[in-house]
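Side-chain atoms are counted along with the backbone in the values below, which use heavy atoms only and exclude waters and symmetry mates. In this text the structure is predicted, and so the values were computed from the model without any measurement. Below, chains carry the letters A, B, ... as their sequence lines are ordered, and counting in each starts from 1.
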Amino acid sequence: MSSGEWAPLPGMADLFSPESELWHAVEEGAREVFSCYGVREIRTPILERTSVFARALGEGTDVVQKEMFSFEDRGGRLVSLRPEGTAGVIRALLRLGAAAGERVFYMGPMFRAERPQAGRRRQFHQVGVELLGPPSPMADAECVALMAHLFERWGLGGVKIRVFTRGRSADHPSVREGLLRTLEPHEAELCAECQRRRSTHPLRILDCKVAGCRTVVERLPPMTGFMSAESRGYLEEVSRLLKRLGVPAETDARLIRGLDYYEHTIWEATHPALGAQDAVAGGGRYRIEIDGGVVEGVGFAVGLERVILALSGGDAERFARRPTVWLVAVGDRAREENLVWAQELRRGGVACGLDLAGRSVKAQMRAADRSRAVWVAVRGDDELAAAACRLKNMATGEETVMPVAEATARLRAGA
RNA sequence: GUGGAUGUAGCUCAGCUGGCAGAGCGCCAGGUUGUGGCCCUGGGUGUCGCGGGUUCGAAUCCCGUCAUCCACCCCA
């Protein structure tokens, strides 16, 4: 039943096998890739002072204004569940005295009070990377390449990577003014939503899905025209390096990011199998000021729900861990002996299953088959008397009687 | 926050204009006195999401409510 007070809260999900195995595989794959890049794990609190996010992401952003789970804690502090990973990580690194050159990743749940939808939960999970250091096209290119490497490691094909720039911080006002100025003659052609956006988030007009707005946007001069030569050169350098690194990224002048802390390089990865929420990852270079300190770096976050959605389309079954052997007992005495044997096998690292309910041999065999165990070991009074077992290969049906000690050794050896 | 759709068995769903609550899959048992997959047989009381209303009678019609899904918005 999907309703009632025992169901999870809206936008929150219970996760169980085989999906949990798929999650584990994805997380392990990421750890493997990170270790190759010298990126170390950092774990920060899920609950932070609201000001940490407000300051880092921008007071006026939608995430801060209407999407955070915020409340007053018992000490009267205004706190929020983290809506993204960067702010808390930067806060922690600042306090730990981390310097430029620090490379970290984080993994875990994030919370946003939005209406649930395909690929969007209220509790969702991200794995993200932060590479600290001052603006550097090489660092940015390495970071995008690292993200691309992750998709490769996960076997997620068809990812489209788009790169652009917000320009250095000093360029932001002139970009905004330039955009509004060139937009003026086309004001009437914009949708109602974009009319409103002109005064709130003008850059978002570039990203509008309405056909009329898109044709207006296509005739607009590139935003790089309102940036300094330095900013334009930076983007060109990043694109050149990405090409050399073999990362299939295309520059897209319509690309925008929603958080205020970005400057220079920004990017996004999308996947066609995802529906309306098709961004699997997003990132960029940032400059964050908290509590008098300034942190510069480049990073990205990947939405794990979306990766898994794009990855499997329901085929999580193949990631389920299967037992190496299933112990079948004929009679109560063998059942107890099997319990003892199973403990020995498991302590030796052999994944082992058995049925303790005292069901028929046939039922036990069916359970073994369903578990997709590679081997089945059958023991009854005859085998117990001889300290033996019948080891059966479930794929071939071949069955051999052998001493228990030998079976144990063979199972531990992995065959 | 806005809009659209949907809630019936463990799962996927059928149930036409109100008249005994169903199918497939799964699961359990047997056919095989100690052996899985294929086949055959048997096994179904499920708050028809919840609460009201209309009616002789409601899974079906009406109202409310909760939940889920999808889209907008925003973002991963």
S.K.: What does A:A269 touch in the nucleic acid at a heavy-atom separation under 4.0 angstrom: a base, only the sugar-phosphate, or nothing?
M.R.: nothing
S.K.: With a 4.0 Å cut-off, would you call A:E41 and A:R43 a salt bridge?
M.R.: yes
S.K.: Closer than 4.0 angstrom, basic N to acidic O: yes or no for A:R198 and A:E187?
M.R.: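 Yes, A:R198 and A:E187 are salt-bridged.
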S.K.: Give every pair of a protein N or O atom and an N or O atom of nucleotides 37-44 of chain B that lie under 3.5 Å apart, one pair per line with the distance.
M.R.:
{"from": "B:rG37", "atom 1": "O4'", "to": "A:D369", "atom 2": "OD2", "distance (Å)": "3.4"}

S.K.: Base, sugar-phosphate, or nothing: which does A:R390 touch, judged by heavy atoms less than 4.0 Å apart?
M.R.: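 Base contact.
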S.K.: Using the P atom on both, measure B:rC11 against B:rU68 and round to a whole Å.
M.R.: 16 Å
S.K.: Less than 4.5 Å apart, any side-chain heavy atom of A:R379 and any of A:N338?
M.R.: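 Yes, side chains in contact.
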S.K.: Take atom CG of A:L57 and atom P of B:rC74, then tell me their distance rounded to the nearest Å.
M.R.: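 My rounded result for the distance is 16 Å.
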S.K.: Looking at B:rC74, I'd like to know if its phosphate oxygens (OP1 or OP2) sit under 4.0 Å from a side-chain N or O belonging to A:Q65.
M.R.: no
S.K.: Which part of the nucleic acid, if any, lies within contact of A:A368, taking any heavy atom under 4.0 Å across all strands shown: a base, the sugar-phosphate backbone alone, or nothing?
M.R.: nothing
S.K.: Check the distance between B:rG36's C1' and A:E398's CD and give it to me in whole angstrom.
M.R.: 16 Å
S.K.: For the C1' atoms, the ones on B:rG26 and on B:rC69, what distance do you get once it is rounded to whole angstrom?
M.R.: 24 Å
S.K.: Using the P atom as the reference point in each nucleotide, state the distance between B:rG22 and B:rA9 in Å, no decimals.
M.R.: 14 Å
S.K.: Can you check the distance between B:rU47 and B:rU6, where both ends of the measurement are the P atom (answer in whole Å)?
M.R.: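 Per the computed distance, 23 Å lies between those P atoms.
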S.K.: Suppose you measure atom C1' in B:rA67 against the same atom in B:rG51; what distance do you get, rounded to whole Å?
M.R.: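 About 15 Å, rounded to a whole number of Å.
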S.K.: Would you call A:E84-A:R112 a salt bridge at under 4.0 Å N-O?
M.R.: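 Salt bridge flag = no for A:R112 with A:E84.
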S.K.: Would you state whether a donor and an acceptor, one from the side chain of A:E399 and one from the base of B:rU35, lie under 3.5 Å apart?
M.R.: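 By the distance-only test, yes, there is a pair.
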S.K.: Do A:E184 and A:R181 meet the salt-bridge criterion of a basic N to acidic O distance under 4.0 Å?
M.R.: no
S.K.: Take atom P in B:rC50 and the same atom in B:rG4, then report the distance between them in whole Å.
M.R.: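 It works out to 25 Å between them.
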S.K.: Using a cut-off of 4.0 Å on non-hydrogen atoms, how would the nucleic acid contact of A:V280 be classed: base, sugar-phosphate, or nothing?
M.R.: sugar-phosphate
S.K.: Return the 5'-most residue of the pair A:R115, A:R121 with respect to RNA chain B, ranking by each residue's nearest nucleotide.
M.R.: A:R115
S.K.: Is there a donor on the side chain of A:R120 or the base of B:rC73 sitting less than 3.5 Å from an acceptor on the other?
M.R.: yes
S.K.: Can you say whether a donor on the side chain of A:E67 sits under 3.5 Å from an acceptor on the base of B:rC75, or the other way round?
M.R.: no
S.K.: Pick base, sugar-phosphate or nothing for A:Q277, based on heavy-atom distances below 4.0 Å to the nucleic acid.
M.R.: base
S.K.: Could you verify whether a donor N or O on one side chain and an acceptor N or O on the other, from A:Y261 and A:R55, lie under 3.5 Å apart?
M.R.: no
S.K.: How many whole angstroms separate atom CZ of A:F16 from atom P of B:rG10?
M.R.: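 Distance check: A:F16 CZ to B:rG10 P gives 17 Å.
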S.K.: Just call it for A:G331: base, sugar-phosphate, or nothing, with non-hydrogen atoms closer than 4.0 Å on any strand.
M.R.: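 No contact.
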S.K.: Would you mind checking if A:E142 and A:R103 are paired as a salt bridge, meaning a charged N to carboxylate O distance below 4.0 Å?
M.R.: yes
S.K.: Ignoring hydrogens and angles, are the base of B:rC75 and the side chain of A:R306 linked by a donor-acceptor pair under 3.5 Å?
M.R.: yes
S.K.: Given the C1' atoms of B:rG64 and B:rG24, what is the spacing between them in whole Å?
M.R.: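 The answer is 35 Å between these two C1' atoms.
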S.K.: Before giving the answer on salt bridge (charged side-chain N to carboxylate O under 4.0 Å, His left out), spell out for A:E32 and A:R153 the whole-Å C-alpha distance, their side-chain angles and the decisive distance to 0.1 Å.
M.R.: CA-CA 9 Å; A:E32 230 176 87; A:R153 173 64 181 72; 3.0 Å; yes
S.K.: Within residues 102-114 of chain A, which residues have any heavy atom lying less than 4.0 Å from an atom of RNA chain B?
M.R.: A:R112, A:E114
S.K.: Once you round it to whole Å, what is the distance between P of B:rG34 and CG of A:L327?
M.R.: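 In whole Å, B:rG34 P lies 19 Å from A:L327 CG.
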S.K.: For the P atoms, the ones on B:rC25 and on B:rC61, what distance do you get once it is rounded to whole angstrom?
M.R.: 30 Å
S.K.: So A:R197, base contact, sugar-phosphate only, or nothing? Heavy-atom distance under 4.0 Å.
M.R.: sugar-phosphate
S.K.: Report, as yes or no, whether the 6.0 Å neighbourhood of atom CZ on A:R322 holds more than 12 heavy atoms from other residues, nucleotides or ligands.
M.R.: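 Counting other residues, nucleotides and ligands, CZ of A:R322 exceeds 12 neighbours.
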S.K.: With a 4.0 Å cut-off, would you call A:R162 and A:E250 a salt bridge?
M.R.: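 Salt bridge flag = no for A:E250 with A:R162.
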S.K.: Does A:Q117 contact B:rC73 through a side-chain donor or acceptor facing the base, at a distance under 3.5 Å?
M.R.: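 Counting by modelled atom types and ignoring angles, a donor-acceptor contact under 3.5 Å is found here.
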S.K.: Heavy atoms under 4.0 Å, any strand shown: does A:P83 hit a base, just sugar-phosphate, or nothing?
M.R.: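 Here A:P83 touches no strand at all.
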S.K.: Sub-3.5 Å donor-acceptor pair from the side chain of A:R122 to the main-chain atoms of A:E114, do we have one?
M.R.: yes
S.K.: For the CD atom of A:E189 and the SG atom of A:C194, what is their distance to the nearest 0.5 Å?
M.R.: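 So the gap between those two atoms works out to 12.0 Å.
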S.K.: What's the closest nucleotide to the A:V63 side chain, out of B:rC75, B:rC69, B:rG34?
M.R.: B:rC75
S.K.: Under the 3.5 angstrom rule, does the side chain of A:R204 hit a backbone N or O of A:R197 as a donor-acceptor pair?
M.R.: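 No; zero donor-acceptor contacts below 3.5 Å.
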S.K.: Are any of A:R370's side-chain N or O atoms less than 4.0 Å away from OP1 or OP2 of B:rC27?
M.R.: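 So the side-chain polar atoms of A:R370 do come within 4.0 Å of the phosphate oxygens OP1 or OP2 of B:rC27, strictly under.
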S.K.: Please report the distance, rounded to the nearest Å, between CZ in A:R204 and P in B:rC73.
M.R.: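 Distance check: A:R204 CZ to B:rC73 P gives 11 Å.
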S.K.: Separation of A:F53 atom CZ from B:rC75 atom C1', in whole Å?
M.R.: 16 Å
S.K.: Specify the separation, in whole Å, of atom CZ of A:R322 and atom P of B:rG36.
M.R.: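 Going from CZ in A:R322 over to P in B:rG36 covers 19 Å.
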S.K.: Could you state the atom-to-atom distance from CZ of A:R196 to P of B:rU2 in whole Å?
M.R.: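 Going from A:R196 (CZ) to B:rU2 (P), I get 14 Å.
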S.K.: Start at the 5' end of RNA chain B and walk down; is the nucleotide closest to A:D278 or to A:G380 reached first?
M.R.: A:G380
S.K.: So, under a plain 3.5 Å distance rule, would you say the side chain of A:Q364 forms a donor-acceptor pair with the base of B:rG34?
M.R.: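 Between B:rG34 and A:Q364, which were checked side chain against base, a qualifying N/O pair under 3.5 Å is absent.
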S.K.: Is the closest basic N to carboxylate O distance between A:R168 and A:D171 below 4.0 Å?
M.R.: yes
S.K.: OP1 or OP2 of B:rC72 sitting under 4.0 Å from any side-chain N/O of A:K209?
M.R.: yes
S.K.: Taking Watson-Crick (N1-N3 plus N6-O4 or O6-N4) and G-U wobble (N1-O2, O6-N3), each under 3.5 Å, can you produce the dot-bracket string of RNA chain B? Use [ ] for crossing pairs and | for inter-strand ones.
M.R.: (((((((..((((.....[..)))).(((((.......))))).....(((((..]....))))))))))))....
S.K.: Decide whether A:E130 and A:Y286 meet the rule of one side-chain donor and one side-chain acceptor closer than 3.5 Å.
M.R.: yes
